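Have a look at the structure below before the remarks.
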Amino acid sequence: MLIAVMSLVCLICGVSLAGLSLRYPGRAAVFERWSGICLVLGLCLLGAALHGART
């Protein structure tokens with residue numbers, strides 16, 4: 001359950017950072033980089049949570 005919550009938090013952070021990159025174009029590269037990292041981490045954690053729930 002904890003992994004699923006962490007996954008959701010990472011995905012929300014990734015989307016929020018992507019939105020910030022639109023609002024602040026001067027820092028867009030930094031926001032987009034961290035957005036991608038958060039989204040990939042969130043999807044990996046989601047996969048782990050789904051695998052753990054199946055077994």
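The shown structure was predicted, so the numbers you read here are calculated from the model rather than taken from an experiment.
- Here the CG atom belonging to L50 is positioned 11.0 Å from the CG atom belonging to L45, to the nearest 0.5 angstrom.
- In terms of hydrophobic clustering, with Ile, Leu, Val, Met, Phe, Trp and Tyr side chains grouped at heavy-atom distances under 4.5 Å, V9 and V40 are assigned to different clusters.
- Under a hydrophobic clustering in which Ile, Leu, Val, Met, Phe, Trp and Tyr are joined whenever their side-chain heavy atoms come within less than 4.5 Å, directly or via other members, I12 and L41 fall into different clusters.
- Residues G42 and C10 share a closest heavy-atom pair of CA-CB, 3.6 Å.
- Taken to the nearest 0.5 Å, the CG atom of L8 stands 9.5 Å off from the SG atom of C13.
- Residues C38 and L11 have side chains not in contact (no heavy-atom distance under 4.5 Å, counting atoms from C-beta outward).
- Between the CZ atom in R33 and the CZ atom in R27 there is a gap of 10.5 Å [rounded to 0.5 Å].
- Separating the CG atom in L46 from the NE2 atom in H51 is a distance of 13.5 Å, to the nearest 0.5 Å.
- For the atom pair CG (L2) and OG (S7), the distance works out to 11.0 Å, reported to the nearest 0.5 Å.
- When the side chains of ILVMFWY residues are joined at heavy-atom separations under 4.5 Å, either directly or via intervening members, F31 and W34 end up in a single hydrophobic cluster.
- Hydrophobic cluster membership differs between V30 and V15, with clusters built from Ile, Leu, Val, Met, Phe, Trp and Tyr side chains linked at under 4.5 angstrom.
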